[in-house]
Amino acid sequence: AVIGAGAAVQAAMGRQGSPDPSFGRDGTTMFDPGFGSDPSATVSAQAIQPDGRIVVVGSAWDSSAPCNSKLLVARLTRKGALDGSFGRDGIKELDPNGVPCPIAQAVALQRDGKIVIAGVDSGGDESFVLRLLRDGQPDRSFGYRGTAFLGETPSCPGCRIAAQMSGVAVAANGTIV
């Protein structure tokens with residue numbers, strides 16, 4: 001996955017390291033999040049669902065505006081096409097509850113099919129975890145309307161920790177680490 005000028009690119013390779021011709025177009029899929037007047041996009045992480053569909057997380061921003069980013073989640077079919085049953089035509093734009101400039105950095109899947117995304121505010125002020133339902137809607141039973149912030153506990157509501165999120169995983173017991 002690479003940064004694209006206005007588009008995000010996901011690639012697939014065969015066992016020998018060559019592009020997989022059955023995926024997308026000659027082994028790559030490019031999708032345009034359609035954001036802003038001078039858009040850029042990046043894919044940060046991906047996870048493969050048990051049915052072979054691919055959940056891709058990243059960010060899109062408008063270079064002409066300061067701190068104007070959106071967190072994006074896309075789902076591709078196993079052949080690399082955007083999955084129209086997810087979000088809007090395969091792409092879901094998210095606003096993690098008050099994070100001004102969200103950047104997705106990692107994704108994991110729970111056994112029940114829920115999608116867990118870790119990210120930060122590009123200004124470095126917030127670290128968060130989002131949980132989505134299978135269809136890409138925020139899981140409102142998690143954190144505050146689907147978003148939990150690092151450092152926030154019942155004894156310290158509003159506390160935040162700024163940390164670089166390099167990964168996220170779901171343990172067998174469902175704990176998000």
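Hydrogens, waters and symmetry mates play no part in the numbers below; they use all other heavy atoms, side chains included.
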K.L.:
If you look at every heavy atom in S59 and I103, which pair is closest and at what distance?
P.N.:
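Minimum heavy-atom contact is OG-CA, 3.3 Å.
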K.L.:
Could you tell me which residues satisfy side chain to side chain contact (heavy atoms under 4.5 Å, CB included) with D26, sequence neighbours excluded, listed by chain and number?
P.N.:
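Checked D26 against side chain to side chain contact (heavy atoms under 4.5 Å, CB included); zero matches.
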K.L.:
Taking the side chain as C-beta and beyond, is there a heavy-atom pair between L82 and D89 under 4.5 Å?
P.N.:
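The answer is no; the side chains never approach within 4.5 Å.
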K.L.:
Which residue pairs satisfy the salt bridge (charged side-chain N to carboxylate O under 4.0 Å, His left out) criterion with at least one member in residues 168-177, sequence neighbours excluded?
P.N.:
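Residue pairs with at least one partner in residues 168-177: there are none.
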K.L.:
Go through Q137 and D135 one step at a time and tell me if the side chain to side chain donor-acceptor pair (under 3.5 Å) criterion holds.
P.N.:
CA-CA 6 Å; Q137 296 301 315; D135 65 357; 4.9 Å; no
K.L.:
Grab the two heavy atoms, one from G80 and one from F23, that are nearest each other, plus how far apart they are.
P.N.:
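Taking every non-hydrogen atom into account, CA-CE1, 3.3 Å.
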K.L.:
Heavy-atom count around R53 CZ within 6.0 Å, excluding the residue itself: above 12?
P.N.:
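Yes.
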K.L.:
For T29 and G24, work out which heavy atoms get closest and say how close.
P.N.:
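Between these two residues, the closest heavy atoms are OG1-CA, 3.4 Å.
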K.L.:
Would you please test L94 and I117 for side chain to side chain contact (heavy atoms under 4.5 Å, CB included) and show each step?
P.N.:
CA-CA 11 Å; L94 298 167; I117 302 166; 4.3 Å; yes
K.L.:
Got a sec, which residues hit salt bridge (charged side-chain N to carboxylate O under 4.0 Å, His left out) with R145, two or more places apart in sequence or on another chain?
P.N.:
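Checked R145 against salt bridge (charged side-chain N to carboxylate O under 4.0 Å, His left out); zero matches.
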K.L.:
Rounded to the nearest 0.5 Å, what separates atom CG in D20 from atom OG1 in T28?
P.N.:
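Going from the CG atom of D20 to the OG1 atom of T28 covers 11.0 Å.
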K.L.:
To the nearest 0.5 Å, tell me how far E93 CD sits from L71 CG.
P.N.:
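It comes to 9.5 Å.
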K.L.:
Minimum heavy-atom separation for P19 to G27, with atom names?
P.N.:
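For P19 and G27, the tightest heavy-atom pair comes out as CB-CA, 4.3 Å.
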K.L.:
What heavy-atom pair brings A45 and A106 nearest, and what distance separates the two atoms?
P.N.:
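Looking at all heavy atoms of both residues, the shortest contact is CB-CA, 3.8 Å.
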K.L.:
Give a yes or no on whether the backbone of L130 and the side-chain of T147 come within a donor-acceptor separation of less than 3.5 Å.
P.N.:
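Side chain of T147 to backbone of L130, a donor-acceptor pair under 3.5 Å: no, none is there.
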K.L.:
Suppose we screen for salt bridge (charged side-chain N to carboxylate O under 4.0 Å, His left out). Which residues come up paired with R134, at least two apart in sequence or across chains?
P.N.:
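So R134 forms no salt bridge (charged side-chain N to carboxylate O under 4.0 Å, His left out) with any residue.
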K.L.:
Restricting to side chain to side chain contact (heavy atoms under 4.5 Å, CB included), what partner residues turn up for I48, sequence neighbours left out?
P.N.:
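I48 satisfies side chain to side chain contact (heavy atoms under 4.5 Å, CB included) with I54 only.
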K.L.:
When rounded to the nearest 0.5 angstrom, what is the spacing between CD in Q49 and CG in L76?
P.N.:
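Spacing of CD (Q49) from CG (L76) equals 10.0 Å.
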K.L.:
Strictly by salt bridge (charged side-chain N to carboxylate O under 4.0 Å, His left out), give each pair with a member in residues 96-107 just once, sequence neighbours left out.
P.N.:
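The answer is none; no pair qualifies.
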K.L.:
Taking the side chain as every heavy atom from C-beta outward, state whether I115 and L109 have any atom pair closer than 4.5 Å.
P.N.:
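In contact.
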K.L.:
Step by step, work out the side chain to side chain contact (heavy atoms under 4.5 Å, CB included) result for S141 and R131.
P.N.:
CA-CA 9 Å; S141 71; R131 188 166 70 187; 3.6 Å; yes
K.L.:
Indicate the atoms forming the closest heavy-atom contact of S44 with A104, along with that distance.
P.N.:
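Taking every non-hydrogen atom into account, OG-O, 2.7 Å.
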K.L.:
Would a single hydrophobic cluster contain both V55 and L133, if residues Ile, Leu, Val, Met, Phe, Trp and Tyr are joined by side-chain heavy-atom contacts under 4.5 Å?
P.N.:
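Unlinked, L133 and V55 end up in two clusters.
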